[in-house]
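To find a chain, count down the sequence lines: A is the first, B the second, and so on, and within it residues start at 1. Atoms considered below: every heavy atom in the structure, side chains included; atoms not considered: hydrogens, waters and symmetry mates.
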Amino acid sequence: MSKPVITRFAPSPTGFLHIGGARTALFNWVFARKMGGKMLLRIEDTDRERSTEAAVAAILDGMSWLGLDWDSAPISQFARADRHAEIALQLLESGNAYKCYCTPQELTEMRERARAEGRPPRYDGRWRDRDASEAPEGVKPVVRIKAPQSGDIVVKDRVQGDVVFKAENLDDFIILRSDGTPTYMHAVVVDDHDMGVTHIIRGDDHLTNAARQIVIYRAMGWDVPEMAHIPLIHGPDGAKLSKRHGAMGVEAYRQMGYLPEALRNYLARLGWAHGDDEIFSTDQMVEWFSLEALNKGASRFDFVKLDNLNGHYIRSADPVRLYDVMVETASETGRNSDYAGLVSNKDTVLAAIPELQPRAKTVLELIDLAQFIYAERPLPIEEKAAQLLNQESVAHLAALTSAFSALDGWSVESLDGTVRAYAETVGLKLGKVAQPLRAALTGRTISPGIFEVMVLIGREESLARLSDVVGVGAGAHS
RNA sequence: GCGCCCUUCGUCUAGCGGUCAGGACGCCGCCCUCUCACGGCGGUAACACGGGUUCGAUUCCCGUAGGGCGCGCCA
């Protein structure tokens, strides 16, 4: 009988929740759910200089938006400093660690000399066996772990397989600083152990750290958790993800108009696959997930594919929810006139959304497509639309305006019939009159079906917008 | 420099000794059509290179090349 699974996500609060962290959190979350276990959250805030409360809030918000919840209250690593020191002391007493009185300058020299002589820049262990009586005056020591000097340390990794490190390549690294605070390497091990973490899932930039951490586990006689080091995400050019690429916080993705379920689906497909399945729900993800199906190679972030997936989820989303997201997004991104237009034309926008859905890849595009509804008269006419409104086409619009005015009903069918009949009468293809109509009614060359547009904005507004165009045209040529 | 990891269409990937190397995005063409989308159909395009092992390698092993990560009193 195996222990219940406990995973953890351990961000350091020095900025937002970036896309790589979001995926790490996602995999920890999915795995915990799959195994019926828990995912804990630990804030690695031991770097007091760089950690901020705002960053903690941003990370929690980002996870919530993505739909990733965690069990128990987030744990502050900084708050556990006493416990870390306690373990370091135990290691000291058991002879598995020792005090080192080297000064930072001394260490810098050591590294520089090593580099100059072509040796790896590692601590040479000069205090490993020295007696405490040799300690210099006025120097506060650090505590270093006694790493094994021979043999292999193997990281048994569920993704990477057995990774072997030779002990001679590891030095006696610091576990407690001279001010008594723990280093990351030490705090992580103590926390993961105390939290009962059974599976460590993290970026493979930690793979070499894993070997060092195993040294501490061994010295304490603790079980080493299962490990899974997942590959990193690169930018479109194969290099490290930069802000230009996508290393923004997840809230930036929200502001760009992506839906959380789309991002989850996309992120899951970066480094993980379940056969040929491309689009799947989060429940399916949980059902299908396995650590062994994770890839070992890094992948590139591709906005084009994210757009495609997002388009899919927009198409299948509930219009009422989309409306709310549109309003929220307009507000958050400072699109004030859109915000006002969306709010004061709620019913019309709601009715229009099904027409907009297949045409948008992001919520921002959705908003853009809705603008014809609340645009102020006289409509701003885009350049390409203006080209459609020449003397001839405006004359047709004038004729159509009369026909529309005489119309009894105002439906897609009646409008369609009217325009088709007119086009046939004057010997034109439908497109020849429908396009100018679109230009006059929306100010653009693209929009939902033009008869749908007319029904949406209504008879009065349609005729008014037409007269805005026809009036000018008629005035100029009569 | 040292250590570790990685390498299938442009991108994300399937593949776990024998496949016409599959899917998705993108791109191109056709259909649908009042525009743009959506949808449908078709097409383009890949096993980094060199050695082994094997009857047979995309698949297993070793090199080479390329890329990534790590080597702090940062996390």
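Side chain of R359(A) to main chain of L369(A): no donor-acceptor pair is present (N/O by atom type, distance under 3.5 Å, no hydrogens or angles). Here the side chain of Q357(A) pairs a donor or acceptor atom with the backbone of I314(A) at under 3.5 angstrom.
Pairing of A37(B), defined by two Watson-Crick or G-U wobble distances under 3.5 Å, is not identified with any nucleotide. Nucleotide C60(B) has G52(B) as its partner under the Watson-Crick or G-U criteria, with both atom distances under 3.5 Å. If you check C25(B) for Watson-Crick or wobble pairing at under 3.5 angstrom, you find it paired to G10(B). With a cut-off of 3.5 Å on both pairing distances, the Watson-Crick or G-U wobble partner of G3(B) is C69(B).
Closest to the side chain of I450(A), from the set C34(B), G3(B), G68(B), is C34(B). Closest to the side chain of M185(A), out of A75(B), C69(B), C25(B), is A75(B). If you check C4(B), U35(B), A75(B) against the side chain of V163(A), the one that comes closest is C4(B). When each of C73(B), C25(B), C5(B) is scored by its nearest atom to the side-chain atoms of K305(A), the top-ranked nucleotide is C25(B). Each of G3(B), C38(B), C73(B) was ranked by its minimum atom distance to the side chain of P104(A); first place goes to C73(B). Candidate nucleotides C5(B), U13(B), U35(B) were compared by shortest atom distance to the side chain of N295(A), and U13(B) ranks first. Side-chain proximity of R111(A) to the nucleotides G68(B), G26(B), G72(B) is greatest for G72(B). Comparing G23(B), C73(B), C34(B) by their closest approach to the side chain of L430(A) singles out C34(B). Picking from G23(B), C12(B), C34(B) the nucleotide with the shortest atom distance to the side chain of E452(A) gives C34(B). The side chain of R359(A) sits closest to C36(B) out of A75(B), C36(B), C5(B).
Among the heavy atoms of the strands lying under 4.0 Å from R50(A) is at least one base atom, whether or not backbone atoms are also near. Within 4.0 Å of S51(A), counting heavy atoms only, lies no atom of the nucleic acid at all. Residue G431(A) is in sugar-phosphate contact alone, with no base atom involved, counting any heavy-atom pair closer than 4.0 Å across all strands shown. Contacts of R300(A) with the nucleic acid, taken as non-hydrogen atoms under 4.0 Å apart, involve only primed sugar atoms and P, OP1 or OP2. Within the 4.0 angstrom heavy-atom criterion, only backbone atoms of the sugar-phosphate kind lie near S12(A); the bases stay farther away. Nucleic acid contact for V164(A): sugar-phosphate only, since backbone atoms but no base atoms lie under 4.0 Å from a heavy atom of the residue. Residue contacts for E278(A): at a heavy-atom cut-off of 4.0 Å it reaches a base atom on one of the strands shown. Counting any heavy atom pair closer than 4.0 Å across all strands shown, G311(A) reaches no nucleic acid atom. Using a 4.0 Å heavy-atom cutoff across all strands shown, C100(A) reaches no nucleic acid atom at all. Within the nucleic acid shown, V142(A) comes within 4.0 Å of at least one base atom, counting heavy atoms only. Within 4.0 Å (heavy atoms only), F165(A) reaches sugar-phosphate atoms of the nucleic acid but no base atom.
Contact check, K296(A) against C6(B): a side-chain N or O comes under 4.0 Å of OP1 or OP2. An OP1 or OP2 oxygen of A75(B) is reached within less than 4.0 angstrom by a side-chain nitrogen or oxygen of R177(A). R122(A) has no side-chain polar atom (N or O) that falls below the 4.0 Å cut-off from OP1 or OP2 of C2(B). Contact check, K361(A) against C38(B): a side-chain N or O comes under 4.0 Å of OP1 or OP2.
Between the CG atom of L309(A) and the C1' atom of U13(B) there is a distance of 13 Å, given to the nearest Å. Per the geometry, CG belonging to N308(A) stands 10 Å off P belonging to C27(B), to the nearest Å. Distance H312(A) NE2 to A37(B) C1': 16 Å, rounded to the nearest Å. Atoms CD1 (I175(A)) and C1' (A75(B)) sit 17 Å apart, rounded to a whole Å. Between the C1' atom of G70(B) and the NE2 atom of H206(A) lies a distance of 11 Å, rounded to the nearest Å. In this structure, D171(A) atom CG and G3(B) atom P are separated by 15 Å, rounded to whole Å. Taking atom CD1 of I214(A) as the reference point, atom P of G3(B) lies 19 Å away to the nearest angstrom. The separation between R315(A) atom CZ and C36(B) atom C1' is 14 Å, rounded to whole Å.
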- Task: Carefully, step by step, assess I200(A) and R8(A) under the rule side chain to side chain contact (heavy atoms under 4.5 Å, CB included).
- Result: CA-CA 7 Å; I200(A) 295 174; R8(A) 46 70 154 182; 3.7 Å; yes
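In terms of polar N and O atoms assigned as donor or acceptor, the side chain of N209(A) never comes within less than 3.5 Å of the base of G70(B) in a complementary pairing. Scanning atom types as modelled, no donor and acceptor separated by under 3.5 angstrom connect the side chain of T208(A) and the base of C4(B). If you check distances only, the side chain of R438(A) does reach the base of C34(B) with a donor-acceptor pair under 3.5 Å.
Atom C1' of G15(B) sits at a distance of 13 Å from the matching atom of A57(B), rounded to the whole Å. Nucleotides G26(B) and C32(B) place their C1' atoms 22 Å apart, quoted to the nearest Å. U13(B) and U53(B) are spaced 29 Å apart, taking the C1' atom of each and rounding to whole Å. When the P atom is compared between C5(B) and C62(B), the two are found 10 Å apart, to the nearest whole Å. C69(B) and C73(B): their C1' atoms are spaced 23 Å apart (whole Å). Nucleotides G23(B) and A14(B) have their P atoms positioned 15 Å apart, rounded to a whole Å. On the C1' atoms, C16(B) is 15 Å away from C47(B), given to the nearest whole Å. Comparing U54(B) with G68(B), their C1' atoms are spaced 33 Å from each other, to the whole Å.
In this structure, F31(A) has its ring center under 6.0 Å from that of H199(A). Less than 6.0 angstrom separates the ring centroid of F301(A) from the ring centroid of Y266(A). In this structure, the ring of Y258(A) has its center no less than 6.0 angstrom from the ring center of Y313(A).
Between P448(A) and L306(A), the one whose closest nucleotide on RNA chain B sits nearer the 5' end is L306(A). Nearest-nucleotide positions on RNA chain B place S299(A) closer to the 5' end than the other of S299(A) and L176(A).
A side-chain N or O of R438(A) and one of Q435(A) form a donor-acceptor pair less than 3.5 Å apart.
Remark: R144(A) is positioned above the aromatic ring of Y123(A), its terminal NZ or CZ atom under 6.0 angstrom from the ring centre and at most 45 degrees off the axis.
The one candidate from H206(A), R202(A), R158(A) that meets the side chain to side chain donor-acceptor pair (under 3.5 Å) condition with H229(A) is R202(A).
Atoms CZ and CD1, from R128(A) and I145(A) in turn, are 9.5 Å apart once rounded to the nearest 0.5 Å.
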